[in-house]
Amino acid sequence: MQRKYFFFDIDGTLATGLTTIMPESAKRCIARLRENGHFTALATGRLQASAAQVAARYGFTHFVADGGYSLTLDGKIIEMRSLPAADCISLIDRLVLQDIPWAVSVGNERLCLTSDERFLSVAPADYFPVKVDPLFDYHGMKRLYKVYMACTPENEDQIDFGGLPTVRYNRDVLFIEPTEKQQGIRRMLDILGAADEDAIVFGDGTNDVCMFGQGWFSVAMGNACDALKAKADYITDAVDQDGLWNACKHFGWI
């Protein structure tokens, strides 16, 4: 069997919702893919340190994280880039002027930093812990990986994001994080010397659209957004309806 290179989004693709809990059929599917000699990797917007926790739980040693800005191969970080710090600092300056609570991740750790304690009221309970330091000066940041802000969908058009990429986490919180998973996958395929026709990507959300239409075979979950389904080469069942297993069985990968 020709070796294939699989890249899976996590939330809503491998796991149900934001739970990071994989259905049993998905676990069996990944195990069978590996038994058949295929390459299995994650492709996620999560911070590398956060992705590493999920990866370790399910036996992944390869993953594209930080929305394409970091590559981990055989358990080792081989690349990790920052968001453009100057642009992010300018954005936070604007948020401060508009009296909008914010936080940042300045290192590869599951932690949000802020000098604005009001961010605690909107901080997702199931996300990173928030450390409030009234003396924290974001102007000194040289590298940062995410910016978080209190922002409802109705208020998005009131903020000048300065061209920075946005991802909505929930109704109350918007993230600034890279949305270039396709670039990370491309770099990893190049490192591995893998051909485009042997690459397969699975996704469900708007931040997965960038992975589709790249010359790789693309599979959208049944629970995927309409924009992703429109670009997919194949649409499988929902993640909690054996979507991974059914697709891989259908094409003879398992």
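Model, not experiment: these values are computed from the prediction.
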Could you give all pairs that pass the ring-ring contact (aromatic ring centres under 6.0 Å, His included) test and reach residues 68-110, with sequence neighbours left out?
Trp102-Tyr138
Carefully, step by step, assess Tyr148 and Ser105 under the rule side chain to side chain donor-acceptor pair (under 3.5 Å).
CA-CA 8 Å; Tyr148 318 94; Ser105 286; 2.6 Å; yes
Qualifying residues under side-chain hydrogen bond (donor to acceptor under 3.5 Å, both in side chains), relative to Arg171, sequence neighbours excluded
Glu154
Minimal non-hydrogen separation, Ala51 against Ala65, with atom names:
CB-CB, 3.9 Å
So, are Arg46 and Asp66 salt-bridged, with charged N and O less than 4.0 Å apart?
no
Phe8 and Ile30, any side-chain heavy atoms less than 4.5 Å apart:
yes
With side chain to side chain donor-acceptor pair (under 3.5 Å) as the criterion, how do Thr179 and Asn207 come out once you've worked through the C-alpha distance, each side chain's angles and the decisive distance to 0.1 Å?
CA-CA 6 Å; Thr179 55; Asn207 68 332; over 6 Å; no
Side chain to side chain contact (heavy atoms under 4.5 Å, CB included) involving Asp204 - partner list, sequence neighbours excluded
Asp9, Thr13, Asp208, Met221, Asn223, Ala224
Does CG in Asp226 sit with more than 12 non-hydrogen atoms of other residues, nucleotides or ligands closer than 6.0 Å?
no
Residues passing the ring-ring contact (aromatic ring centres under 6.0 Å, His included) test with Phe119, sequence neighbours excluded, are none
Contact list for residues 77-91, test side chain to side chain donor-acceptor pair (under 3.5 Å), sequence neighbours left out:
Glu79-Arg187
Would you compute the distance between atom CD of Gln158 and atom CD of Glu156 and round it to the nearest 0.5 angstrom?
10.5 Å
Examine distances only and state if a side-chain atom of Arg94 and a backbone atom of Ile89 form a donor-acceptor pair shorter than 3.5 Å.
no
Does either side chain, that of Arg57 or that of Thr20, offer a donor lying less than 3.5 Å from an acceptor on the other one?
yes
Is Leu71 isolated, or which residues cluster with it under the ILVMFWY side-chain rule of less than 4.5 Å, directly or via members?
Tyr5, Phe7, Phe39, Val64, Leu73, Ile78, Ile185, Met188, Leu189, Ile191, Leu192, Val201, Val209, Met211, Phe212, Trp216, Leu228
Under the side-chain hydrogen bond (donor to acceptor under 3.5 Å, both in side chains) rule, collect the residues that match up with Tyr169, sequence neighbours excluded.
Asp126
Verify side-chain contact (heavy atoms from CB on, under 4.5 Å) between Thr166 and Ile159, making sure each step is shown before the conclusion.
CA-CA 11 Å; Thr166 62; Ile159 301 174; over 6 Å; no
Residue pair Asn36 / His38, side-chain donor-acceptor N/O under 3.5 Å:
no
Sequence neighbours excluded - salt bridge (Lys or Arg N to Asp or Glu O under 4.0 Å) pairs with any residue from residues 102-125
Asp99-Arg118, Asp116-Arg118
Looking at residues at least two apart in the chain, or sitting in another chain, which of them share a side chain to side chain contact (heavy atoms under 4.5 Å, CB included) with Glu177?
Lys146, Val167, Phe175
Please give me the minimum heavy-atom distance between Pro23 and Asp240, naming the atom from each residue.
CG-CA, 4.4 Å
With sequence neighbours excluded, tell me which residues meet side-chain hydrogen bond (donor to acceptor under 3.5 Å, both in side chains) with Asp237.
Asn246
Side chain to side chain contact (heavy atoms under 4.5 Å, CB included) filter on Asp133, not counting sequence neighbours, yields Leu135, Phe136
Pairing residues for Arg32 by the side-chain hydrogen bond (donor to acceptor under 3.5 Å, both in side chains) criterion, not counting sequence neighbours:
none
